[in-house]
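Before any comments, here is the structure.
These numbers come from a predicted model, not from an experiment.
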Amino acid sequence: MKKVLYLHGLESKQGGPKVEFLRTKGIVYAPEMDYRSLNFNEQVLKIIEFRPDLVIGSSMGGYVAHLIANYIGIPSILFNPAFHSRSFEPNIDSKYFILLSSKVKHMVVLGKQDKIIDPNVTKLMLQEQRNYSIYEREFGHRTSLSNFIDFYTMYENRIK
């Protein structure tokens with residue numbers, strides 16, 4: 001059974017309909033993330049111990065999901081990842097900063113109307129990276145459940 005890690009965004013809470021949907025697909029670890037914690041590395045170590053097959057994250061969770069995916073070599077689905085324009089830097093060990101790994105496939109979903117993480121800057125950062133599939137849609141920073149399900153389903157269909 002597939003093990004999925006889901007990391008919520010900075011201003012979001014643990015759980016919710018997206019996590020409930022993922023639980024219909026496999027074993028889910030969706031911890032409450034305190035991105036500002038001085039002990040953030042301890043949270044990251046617990047995540048790595050879970051040994052997910054896929055990591056999904058949104059905004060700040062997308063940024064951290066990206067680091068974890070590259071570090072342990074698993075694919076990711078990243079919704080409006082905070083690769084830039086972060087309001088602070090999480091206290092995370094530099095060993096996790098394999099930022100542009102060519103070994104891992106990433107699905108990056110950008111809201112064209114995102115006013116928090118500029119999708120055009122993200123596209124420019126990733127434009128020459130072959131292992132990043134970039135999708136743009138007509139929504140803002142928050143991803144609706146229906147869009148979340150659509151992209152998860154697209155990911156599942158691509159790996160079959």
Side-chain angles (χ1 to χ4, degrees), residues 1-84 86-111 117 122 125-126 129 131-135 141-160:
M1 184 167 252
K2 182 183 295 188
K3 292 170 72 176
V4 179
L5 168 67
Y6 176 72
L7 301 178
H8 62 77
L10 179 63
E11 302 298 328
S12 298
K13 296 189 186 298
Q14 173 189 29
K18 293 171 187 166
V19 173
E20 293 308 313
F21 164 75
L22 291 173
R23 285 194 174 118
T24 68
K25 301 297 181 179
I27 299 166
V28 179
Y29 182 42
E32 182 172 351
M33 301 299 292
D34 182 359
Y35 297 106
R36 290 186 170 96
S37 171
L38 294 177
N39 298 321
F40 189 66
N41 277 319
E42 292 174 20
Q43 291 180 58
V44 173
L45 287 172
K46 285 180 186 173
I47 288 167
I48 291 169
E49 288 171 6
F50 174 65
R51 296 261 183 239
D53 301 305
L54 169 68
V55 60
I56 302 172
S58 179
S59 192
M60 183 67 84
Y63 169 65
V64 174
H66 180 250
L67 295 176
I68 290 168
N70 281 339
Y71 182 74
I72 60 178
I74 60 170
S76 71
I77 305 173
L78 311 171
F79 293 92
N80 296 313
F83 290 161
H84 56 86
R86 292 180 295 279
S87 56
F88 71 97
E89 291 298 321
N91 183 31
I92 189 167
D93 193 313
S94 63
K95 72 181 178 184
Y96 300 115
F97 284 89
I98 306 168
L99 285 178
L100 297 173
S101 169
S102 62
K103 300 174 188 172
V104 178
K105 299 290 183 194
H106 302 282
M107 177 183 279
V108 180
V109 181
L110 303 174
I117 306 295
T122 305
M125 290 175 71
L126 302 176
Q129 303 300 318
N131 54 323
Y132 291 77
S133 300
I134 301 170
Y135 300 88
H141 191 65
R142 294 204 178 263
T143 304
S144 69
L145 178 60
S146 63
N147 280 316
F148 184 88
I149 291 171
D150 288 349
F151 281 100
Y152 181 88
T153 302
M154 183 188 302
Y155 165 80
E156 274 194 329
N157 290 335
R158 286 174 53 193
I159 61 168
K160 288 181 180 177

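- The shortest side-chain heavy-atom distance between His106 and Pro81 does not fall under the 4.5 Å cut-off.
- Residue Arg23 places its CZ atom among more than 12 non-hydrogen atoms of other residues, nucleotides or ligands, all under 6.0 Å distant.
- Among all heavy-atom pairs drawn from Val4 and Phe50, the shortest one is O-CE2, 3.7 Å.
- A donor-acceptor contact shorter than 3.5 Å links the side chain of His8 to the backbone of Met33.
- Residue Arg51 holds its CZ atom at 10.0 Å from CD1 of Ile74, rounded to the nearest 0.5 Å.
- Val44 has its side chain out of reach of Tyr71: every pair of non-hydrogen atoms, C-beta onward, lies at least 4.5 Å apart.
- Inter-residue side-chain proximity for Pro52 and Ile27 is flagged as unmet; no heavy-atom pair is nearer than 4.5 Å.
- For Glu32, there are no salt bridge (charged side-chain N to carboxylate O under 4.0 Å, His left out) partners at least two apart in sequence or on another chain.
- Closest heavy-atom contact between Asn91 and Ser37: CB-O, 3.8 Å.
- Once rounded to the nearest 0.5 Å, the distance linking CG of Leu54 with CD1 of Ile77 reads 5.0 Å.
- For the pair Ile68/Ile47, a side-chain contact is recorded, criterion being any heavy-atom separation below 4.5 Å from C-beta on.
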With side chain to side chain contact (heavy atoms under 4.5 Å, CB included) as the test, would you mind laying out the steps for Arg158 and Ser133 before giving the verdict?
CA-CA 11 Å; Arg158 286 174 53 193; Ser133 300; 3.2 Å; yes
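- Ring-plane geometry between Tyr132 and Phe83 is classed as perpendicular, the angle between the planes exceeding 60 degrees on a 0 to 90 degree scale with a lower cut at 30.
- Between the side chain of Asp53 and the backbone N or O of Lys2, no donor-acceptor pair lies under 3.5 Å.
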Go through the steps to decide whether Lys46 and Glu49 satisfy the test salt bridge (charged side-chain N to carboxylate O under 4.0 Å, His left out), and finish with yes or no.
CA-CA 5 Å; Lys46 285 180 186 173; Glu49 288 171 6; over 6 Å; no
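- Looking at His66 and Ser76, their side chains never bring a donor and an acceptor atom within 3.5 Å of each other.
- Here the side chains of Asn147 and Tyr135 are not in contact, with every heavy-atom distance at 4.5 Å or above.
- Ile56 pairs in a side chain to side chain contact (heavy atoms under 4.5 Å, CB included) with only one of the listed residues (Leu22, Leu7, Leu78), which is Leu22.
- Interatomic distance, Thr143 OG1 to Leu110 CG, rounded to the nearest 0.5 Å: 9.5 Å.
- Annotation for Pro31 and Leu5: closest pair CD-CD1, 4.0 Å, computed over non-hydrogen atoms.
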Between Tyr6 and Phe148, is a ring-ring contact (aromatic ring centres under 6.0 Å, His included) present by the stated rule, with each step listed?
CA-CA 12 Å; Tyr6 176 72; Phe148 184 88; 5.7 Å; yes
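- Separation of atoms OG (Ser146) and CZ (Phe21) is listed at 11.0 Å; rounding is to 0.5 Å.
- Shortest non-hydrogen contact noted between Ile92 and Asn41 is CA-OD1, 3.4 Å.
- The shortest non-hydrogen separation linking Ser59 to Ile117 is OG-CG1, 4.5 Å.
- Phe151 and Met107 get closest at one heavy-atom pair: O-SD, 3.7 Å.
- Residue Lys25 holds its NZ atom at 4.5 Å from CD of Glu156, rounded to the nearest 0.5 Å.
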